[in-house]
Novice: 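What follows is a single structure, and I will ask about it in a moment.
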Amino acid sequence: MSENKRRVGSYWEKRVADYLSDAGYIVLEMNYRTRFSEIDVIAQDQHFLVFIEVKYRASSYSGNPFEAVDSRKQQRIRNGALSYLKSNGYVIDDTNIRFDVIGIEGDRIEHIKNAF
């Protein structure tokens, strides 16, 4: 990955963290990594632990950001979420979880709750 892509990604991840905080979320972790997956943002939204995938596109020319979160990507995020829950002592059956996707096109942020 180029340095410029990393810089753009970091910029938008910070903007998303601010967006979520302004919406009342408590950001718990950014860029949670396991051997096989990465979760961009893990946050608390009232009674939900939310695993959030962030996708950025400079314009629609590059495609819709939500299309990039295909079934394979969703499965990797689910696996990462399971790892996070286990390693942080959550009781899986007693934890309300949700998977959201935040798509950014240009400078417009769109948040889909319970996306998958």
Side-chain angles (χ1 to χ4, degrees):
M1 181 185 304
S2 73
E3 182 62 33
N4 189 45
K5 275 190 173 186
R6 257 188 238 111
R7 193 176 15 246
V8 169
S10 294
Y11 170 80
W12 281 107
E13 286 170 358
K14 171 73 172 109
R15 289 276 312 265
V16 165
D18 293 343
Y19 163 85
L20 291 168
S21 294
D22 291 346
Y25 289 66
I26 299 167
V27 176
L28 303 173
E29 195 148 348
M30 304 277 295
N31 300 309
Y32 175 78
R33 296 178 200 279
T34 70
R35 186 172 172 193
F36 299 109
S37 66
E38 178 187 349
I39 298 174
D40 295 326
V41 182
I42 301 171
Q44 188 76 40
D45 179 26
Q46 297 178 17
H47 303 291
F48 285 91
L49 184 62
V50 188
F51 299 91
I52 303 166
E53 177 68 12
V54 178
K55 286 296 180 191
Y56 170 78
R57 298 291 183 261
S59 70
S60 60
Y61 179 77
S62 303
N64 182 309
F66 297 104
E67 292 171 350
V69 187
D70 60 13
S71 60
R72 244 173 115 182
K73 180 69 173 174
Q74 291 173 20
Q75 189 57 49
R76 283 196 299 268
I77 294 167
R78 283 187 193 98
N79 290 340
L82 186 58
S83 173
Y84 179 84
L85 291 165
K86 287 179 178 178
S87 67
N88 286 280
Y90 287 91
V91 178
I92 295 169
D93 291 337
D94 295 339
T95 305
N96 295 318
I97 65 169
R98 193 175 77 211
F99 296 95
D100 293 3
V101 178
I102 294 179
I104 304 158
E105 191 173 308
D107 61 356
R108 188 176 62 89
I109 296 173
E110 185 177 349
H111 184 174
I112 297 178
K113 295 179 180 180
N114 215 13
F116 59 92

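Bear in mind that the values here come from a model prediction, so they are computed numbers and not experimental data. Side-chain atoms are counted along with the backbone in the values below, which use heavy atoms only and exclude waters and symmetry mates.
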Novice: Looking at every non-hydrogen atom in both residues, tell me the closest pair between Thr34 and Gly80 and how far apart they are.
Specialist: CG2-CA, 4.3 Å
Novice: Can you tell me if Ile26 has over 12 outside heavy atoms packed within less than 6.0 Å of its CD1?
Specialist: no
Novice: Within the distance-only criterion (no hydrogens, no angle test), does the side chain of Gln44 pair as donor or acceptor with the backbone N or O of Gln46 below 3.5 angstrom?
Specialist: yes
Novice: Step by step, would you call Val50 with Tyr25 a side chain to side chain contact (heavy atoms under 4.5 Å, CB included)?
Specialist: CA-CA 9 Å; Val50 188; Tyr25 289 66; 4.3 Å; yes
Novice: Any side-chain heavy atom of Lys86 within less than 4.5 Å of one from Ile92?
Specialist: yes
Novice: Does Ile112 share a hydrophobic cluster with Phe48, counting links as ILVMFWY side-chain heavy atoms below 4.5 Å and allowing steps through other members?
Specialist: no
Novice: Please report the closest heavy-atom contact between Val27 and Ser21, naming both atoms and the distance.
Specialist: CG2-OG, 4.1 Å
Novice: Parallel, tilted or perpendicular for Tyr32 and Tyr84, by the 30°/60° rule?
Specialist: perpendicular
Novice: Is Val69 linked to Phe66 within one hydrophobic cluster, defined over Ile, Leu, Val, Met, Phe, Trp and Tyr using a side-chain heavy-atom separation of less than 4.5 Å?
Specialist: yes
Novice: Membership question, hydrophobic clusters at under 4.5 Å side-chain separation (ILVMFWY): are Val41 and Leu49 in the same one?
Specialist: no
Novice: State, to 0.1 Å, how close Glu38 and Glu53 come at their nearest heavy-atom pair, and which atoms those are.
Specialist: O-OE1, 4.3 Å
Novice: Could you tell me whether the side chain of Asp40 and the main chain of Asn31 form a donor-acceptor pair under 3.5 Å?
Specialist: no
Novice: So Ile97 and Leu85, do their side chains get closer than 4.5 Å, heavy atoms only?
Specialist: yes
Novice: Will you find, in the side chains of Tyr19 and Arg15, an N or O donor that is under 3.5 Å from an N or O acceptor?
Specialist: no
Novice: Can you tell if the side chain of Lys73 reaches within under 4.5 Å of the side chain of Asp70, non-hydrogen atoms only?
Specialist: yes
Novice: Under a 4.5 Å cut-off applied to non-hydrogen side-chain atoms, are Leu20 and His111 in contact?
Specialist: yes
Novice: Answer with yes or no whether the hydrophobic clustering places Phe51 together with Ile104; edges join I, L, V, M, F, W, Y residues whose side-chain heavy atoms lie under 4.5 Å apart.
Specialist: no
Novice: Heavy-atom count check: over 12 atoms from other residues, nucleotides or ligands less than 6.0 Å from Asp107 CG?
Specialist: no
Novice: Ile39 and Val54: same hydrophobic cluster, using ILVMFWY side-chain contacts below 4.5 Å?
Specialist: no
Novice: Taking NZ, NE, NH1 and NH2 as the nitrogens, is one of them in Arg57 or Glu105 under 4.0 Å from a carboxylate oxygen of the other?
Specialist: no
